[in-house]
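These notes concern the structure reproduced below.
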Amino acid sequence: MKDNLTKRNLILLAFVILKFLIQYVLRSSYYDLHADELLYLDQANHLAWGYFSVPPFMSWISYLIHTLGGSLFWIKFFPALFGALTIVVVWKAVEELGGSLFALVLSATGVLFSALLLLNIYYQPNSFDVLCWTMFYLVMIKYFKTNNLKWIYIAALIFAIGFLNKYNIIFLIIGFLPAVLITQHRNLLTKKELYFAIILALLVIFPNLLWQYNNNFPFIQHLNELKSSQLDHVSRLDFIKFQLLFFLGSLPVIVAALYALLVYKPFKNYKTFFWVMVFTLFVFIYFRANSYYAMGLYPIYIAFGAVFLGHILTKRWTKLLKGILIILPILFFIPVYNVVIFSNKTPEYFVNKVQKHQNSDLLRRENGNNHPLYQDFEIMLGWRALAEKVDSICSELPNLDHILILCDDYGQAGAINYYTKNKNIRAHSYHETYIDWVPLDKKIENVVLVKWPYDRDRNRTKETPFFDTVYLADMRVNPYAREDTIFIYVLKGAKIDVSEVIKDEVNELKNRR
């Protein structure tokens with residue numbers, strides 16, 4: 001028994017190591033960090049209980065990354081870690097359900113060779129979100145199995161921590177509650193411990209809710225902007241298509257899980273999970289959610305399906321079928337790897353490659369338009385070069401302490417702040433959370449403006465009357481970047497109190513929230 005346990009643990013360790021190795025191989029040094037990654041990293045310099053678009057969890061991880069030196073290794077380590085832990089949690093779910101070694105390997109392979117390989121490349125809240133969904137489901141399996149109410153408290157804590165990472169986890173509860181109501185576990189609603197657990201979760205998330213209240217609920221504005229710019233353009237049919245693609249190699253396993261949850265007697269106590277899938281997907285489809293929002297739903301069903309298949313495929317002739325089921329995720333991963341979604345080759349390679357995929361949904365933006373390069377690749381190009389140019393410009397200006405670097409968006413500001421060689425340089429923006437970090441009382445003599453390529457005021461007629469000298473200092477040009485040309489202007493010798501102008505503009509923009 002002990003030898004068997006050691007063997008299983010060694011196999012699990014091998015999957016975890018393989019996960020880390022693959023994640024680091026799937027990224028090329030040609031690309032810079034993603035604009036969102038740069039935003040989350042900058043949050044470490046402005047710790048708070050909330051931000052314009054996200055809760056505070058990522059800022060805590062960013063602070064840890066900065067403490068560890070802030071290198072690319074550590075930035076990519078944490079999403080890979082959360083992905084590896086998702087494999088571990090699914091493995092534990094299979095053990096909890098009484099799965100065989102085949103079931104363990106099948107589930108781990110299915111989770112490893114899936115769209116999570118893409119998700120776990122990026123330092124974003126999504127990787128931890130999937131982990132929290134999977135942990136919550138595992139804990140509820142434990143509760144359904146034992147009726148031990150301690151698991152309800154643990155589930156509440158997982159939900160609360162997940163909420164502090166990404167508000168998306170609310171969909172988990174919206175899908176889970178009606179599933180409980182229509183199954184034999186509805187008596188949970190009569191347990192006083194459930195309501196104590198809810199109070200516990202509210203206590204954990206209360207600081208973030210208070211921050212939202214004190215800041216006029218900026219998340220509501222962010223949600224409205226997201227709806228108008230992205231979600232309104234999301235096709236419900238496209239959402240459904242992507243659900244089939246995320247764990248394509250494990251699709252037979254997930255289908256087997258849904259069948260087993262309905263008819264397989266050993267899973268009778270877990271029938272709630274069949275309805276969890278139904279209700280959760282319905283809610284996502286109804287609200288036109290981005291397809292990847294639902295990725296946390298599936299890993300636990302791979303566990304159910306793997307256990308079921310391990311139980312029924314016991315005949316000698318089924319060995320071949322078992323081998324096929326394990327190999328399928330790997331076989332489906334190979335063509336996906338060779339298409340356009342992993343940033344391990346140059347933009348030139350992808351632009352030439354995607355000429356064959358002009359109608360591919362992978363190239364479609366949230367606004368419904370197609371581009372020649374996968375969106376996340378565009379947002380990872382040109383940042384280091386921008387920071388180098390701003391560094392060079394600032395080095396030629398007097399009195400660095402009295403320079404304001406003002407950018408059009410958070411990607412530009414985050415890139416300058418991360419890639420600058422001069423740590424005394426700090427870029428700011430009115431965009432997203434950065435508006436809360438603009439220095440309002442700083443004495444400003446010179447301004448460096450970093451502007452979008454579609455800014456119409458190329459001659460800076462708005463600012464010219466208020467400075468001795470205004471000129472275009474440089475441009476950062478990259479034909480593959482989302483912002484192919486970024487203009488860098490210098491406004492030198494302020495004739496007015498620029499800080500008062502900045503303060504008025506910031507207050508006006510905040511009042512619009």
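Separation of the Phe73 and Tyr24 ring centroids falls under the 6.0 Å cut-off. With ring centers used as reference points, Tyr63 lies 6.0 Å or more from Trp60. Tyr298 has its ring centre no less than 6.0 Å from the ring centre of Tyr301. Between Phe20 and Phe77, the distance separating the two ring centers is shorter than 6.0 angstrom. Taking the six-membered ring wherever Trp is involved, the centroid distance between the rings of Phe57 and Phe128 falls below 6.0 Å. In this structure, Phe144 has its ring center under 6.0 Å from that of His185. Taking the six-membered ring for Trp, Phe304 and Phe273 have ring centres closer than 6.0 Å. When ring centroids are compared, Phe113 and Phe332 stay outside the 6.0 Å threshold. Tyr292 has its ring centre no less than 6.0 Å from the ring centre of Phe242.
Side-chain atoms of Tyr51 and Asp436 include no donor-acceptor pair closer than 3.5 Å. Asn126 and Lys166 share a donor-acceptor pair across their side chains, judged by distance under 3.5 Å alone.
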For Lys76 and Asn120: C-alpha separation, side-chain torsions, deciding distance, then whether side chain to side chain donor-acceptor pair (under 3.5 Å) applies. CA-CA 8 Å; Lys76 298 302 180 180; Asn120 298 150; over 6 Å; no
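Lys268 NZ: 12 or fewer foreign heavy atoms inside a 6.0 Å radius.
When Phe282, Phe284, Tyr286 are each tested for a ring-ring contact (aromatic ring centres under 6.0 Å, His included) with Phe171, only one passes: Phe284. Just one residue in the list Leu12, Val94, Val90, Val307 forms a side chain to side chain contact (heavy atoms under 4.5 Å, CB included) with Leu104, and that residue is Val94.
In this structure, the side chain of Glu193 does not engage the main chain of Tyr153 through any donor-acceptor pair within 3.5 Å. A donor-acceptor contact shorter than 3.5 Å is absent between the side chain of His428 and the backbone of Ile405. Side-chain atoms of Asn168 come within 3.5 Å of backbone N or O of Tyr293 as a donor-acceptor pair.
The aromatic rings of Tyr137 and Phe176 lie parallel to each other, their planes meeting at an angle below 30°, with 60° marking the opposite boundary. Ring geometry, Phe82 versus Phe78: the interplanar angle falls from 30° to 60°, so the pair is classed tilted.
The distance from atom CD of Glu95 to atom CG of Leu97, rounded to the nearest 0.5 Å, is 10.5 Å.
Using a 4.0 Å cut-off between charged side-chain N and carboxylate O, Arg482 and Asp376 make no salt bridge.
Between Asp129 and Asn165, the shortest heavy-atom distance links the atoms N-ND2, 3.4 Å. Between Thr134 and Ile300, the closest heavy-atom pair is O-CD1, 4.2 Å. Pairing each heavy atom of Leu261 with each of Tyr270, the nearest pair is CD2-O, 3.3 Å. When all heavy atoms of Ala201 and Ala156 are compared, the closest pair comes out as CB-O, 3.7 Å.
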